[in-house]
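Here is the structure we will look at, set down as C-alpha cells.
A, B, ... follow the sequence lines: proteins, then strands. Residue 1 opens every chain. Note that the structure is a prediction, hence the values are computed from the model and not measured.
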There are 2 protein chains.
Amino acid sequence: MARHKTYDCSSGCPVSATLDVIGGKWKGLILHHLLEGTLRFGELRKRIPDVTQRMLTQHLRELEESGLVHRQVYAEVPPRVEYSLTPQGQTLRGVIAALKSWGETYLGRKTPEPAAPKRRLAVASGR
Amino acid sequence: MARHKTYDCSSGCPVSATLDVIGGKWKGLILHHLLEGTLRFGELRKRIPDVTQRMLTQHLRELEESGLVHRQVYAEVPPRVEYSLTPQGQTLRGVIAALKSWGETYLGRKTPEPAAPKRRLAVASGR
DNA sequence: CAGTATCCTATTAGATACTG
DNA sequence: CAGTATCTAATAGGATACTG
C-alpha cells in the first residue's frame with residue numbers, strides 16, 4: 001500500500017510497519033505464492049488472475065525495495081525474470097501463516113453479508 | 001481499509017481477507033490498544049495521537065461491522081462510549097502479536113531510509 | 001516475456017467546523 | 001465527550017496501448 005512514508009509514532013508501531021509492508025491489495029497473495037518457491041513474472045500472473053500487469057509490477061517493486069523480494073533478471077531473449085523471497089522475506093512465513101489461519105476461521109464463521117443486525121443500538125443505563 | 005467488497009478469489013484468499021479486516025491505516029494500532037483492555041473514545045485518541053477524530057470513528061465502525069469490536073454506549077451526560085474487543089476480536093491476539101514481533105525485527109534491521117543500493121541492476125548471464 | 005506509459009476513477013485520509 | 005458533516009487532497013488501483 002506504499003504507506004511507507006508518514007510514520008511518526010517513531011519506533012513505536014511495529015504493527016503498522018508490518019502492515020505497511022505487506023498491506024497492499026495483492027501483496028499478501030504475492031508473498032503467499034513466493035513462499036512456495038521462485039516464480040517468473042508470468043507464473044505469478046497466472047496464480048493471481050485478477051491482478052493487472054501494472055499492479056503486479058508495482059507491488060513487486062515495492063516488495064523488492066522493502067528487501068523482501070529478490071528480482072533476478074536473466075539476459076536472455078525472450079526475457080526471463082524470476083522472483084523469489086530474500087532471507088528476510090522468508091521470515092514472513094509465520095506471519096503469513098497466522099494471517100491465513102485466522103482468515104480461514106473468520107471466513108468460515110461469517111456469512112458473506114450479515115446485513116448488519118440493526119445498526120447503532122447498544123445502550124446501557126449509566127452506572 | 002474497507003476493501004471488503006471485491007474479493008472474487010472465492011474462498012481462496014484468507015490472507016487477503018484478514019488484511020481487509022485489519023489493514024486500515026490505523027486498525028492495527030486500534031486493535032493493539034484494545035487488546036490491552038476496554039477504552040473510551042478519548043482514551044484511544046490519546047494513545048494514537050496522530051489519528052483524526054473522523055478516522056478513528058470510521059475505523060471503529062468498520063471494526064464493529066466486522067464483528068471484532070463492541071461499542072458500549074452509556075446513556076449519560078456527558079456521553080461515555082467504551083470500546084472493547086468481542087470474543088472474535090480477541091482471537092486476533094496471536095495475529096497482532098505476530099505482526100508486532102516481525103515489525104520490531106524488521107525495523108531493527110532496517111535503517112529508516114536505505115536510499116536504494118543503486119536501483120535496477122541484478123543481471124545474470126542466462127543459463 | 002516482462003514490462004512502461006498514460007489516462008482515469010475510486011477509495012482513503014486530512015482539515016475544519018458544528019452538535020446532541 | 002463523542003461524535004457528524006463538508007470539502008478537499010492524496011493515493012491506490014484499473015484499463016488500455018505500446019515496447020525492448
Side-chain angles (χ1 to χ4, degrees), chain A residues 1-8 16 19-30 38-64 69 71-84 119-124 126, chain B residues 1-8 16 19-30 38-64 69 71-84 119-124 126:
Chain A
M1 187 135 298
R3 276 194 299 277
H4 327 134
K5 294 88 190 293
T6 52
Y7 177 76
D8 29 42
S16 300
L19 288 174
D20 278 352
V21 167
I22 67 173
K25 185 166 180 184
W26 308 99
K27 285 185 189 169
L29 274 302
I30 294 171
T38 297
L39 290 172
R40 298 180 57 167
F41 187 82
E43 293 174 322
L44 269 170
R45 284 199 74 184
K46 267 174 222 146
R47 280 169 175 71
I48 314 175
D50 293 339
V51 77
T52 60
Q53 210 165 30
R54 180 172 146 16
M55 280 298 105
L56 183 53
T57 304
Q58 188 174 305
H59 280 158
L60 282 167
R61 289 295 182 287
E62 289 173 9
L63 290 170
E64 192 189 353
V69 163
R71 179 170 178 266
Q72 180 68 56
V73 181
Y74 294 92
E76 307 174 343
V77 42
R80 182 160 59 102
V81 180
E82 290 183 348
Y83 290 93
S84 57
R119 289 272 358 138
R120 209 109 333 269
L121 277 181
V123 184
Chain B
M1 188 136 295
R3 277 192 299 275
H4 328 134
K5 293 86 191 292
T6 52
Y7 178 75
D8 29 40
S16 300
L19 288 174
D20 278 352
V21 168
I22 68 174
K25 185 167 179 182
W26 307 100
K27 286 185 188 168
L29 274 301
I30 294 172
T38 297
L39 289 172
R40 297 180 56 166
F41 186 81
E43 293 174 323
L44 270 170
R45 284 199 74 186
K46 267 174 222 145
R47 281 169 175 70
I48 312 176
D50 293 339
V51 76
T52 61
Q53 210 164 29
R54 184 179 170 312
M55 280 298 104
L56 182 54
T57 304
Q58 189 174 303
H59 279 158
L60 282 167
R61 290 295 181 286
E62 290 174 9
L63 290 170
E64 193 188 354
V69 162
R71 179 170 179 266
Q72 180 69 56
V73 180
Y74 294 92
E76 306 175 343
V77 41
R80 183 160 58 103
V81 180
E82 290 183 347
Y83 291 92
S84 57
R119 290 276 355 141
R120 209 107 334 268
L121 277 179
V123 185

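- Inter-residue side-chain proximity for A:Glu43 and A:Glu82 is flagged as unmet; no heavy-atom pair is nearer than 4.5 Å.
- Proximity of A:Ile30 to A:Val51: side-chain heavy atoms (C-beta onward) are nowhere separated by under 4.5 Å.
- Among the nucleotides D:dG13, D:dC1, D:dG14, the one closest to any side-chain atom of A:His59 is D:dG13.
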Between protein and nucleotides 17-20 of chain C, what N or O pairs are separated by less than 3.5 Å?
none

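- Closest of all the heavy-atom pairs between B:Arg45 and B:Leu56 is CG-CD2, 3.3 Å.
- Interatomic distance, OG1 of A:Thr52 versus CH2 of A:Trp26, reported as 8.0 Å (0.5 Å rounding).
- Considering only side-chain N and O atoms, A:Lys25 lies nowhere under 4.0 angstrom from the phosphate OP1 or OP2 of C:dT11.
- Within the structure, every side-chain polar atom (N or O) of B:Tyr83 is placed at least 4.0 Å from both OP1 and OP2 of D:dC1.
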(request) Taking Watson-Crick and G-U wobble pairs with both distances under 3.5 Å, convert DNA chain D into its dot-bracket string, 5' to 3', dots for unpaired and | for cross-strand pairs. (result) ||||||||||||||||||||
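- Side-chain contact between B:Phe41 and B:Gln53 is present, with heavy atoms from C-beta onward closer than 4.5 Å.
- Within the 4.0 Å cut-off from OP1 or OP2 of D:dA2, not a single side-chain nitrogen or oxygen of B:Arg61 is found.
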Below 3.5 Å is the cut-off: list the nitrogen or oxygen pairs between protein and nucleotides 6-8 of chain D, distance only.
from: D:dT6; atom 1: O4; to: B:Arg54; atom 2: NE; distance (Å): 3.1

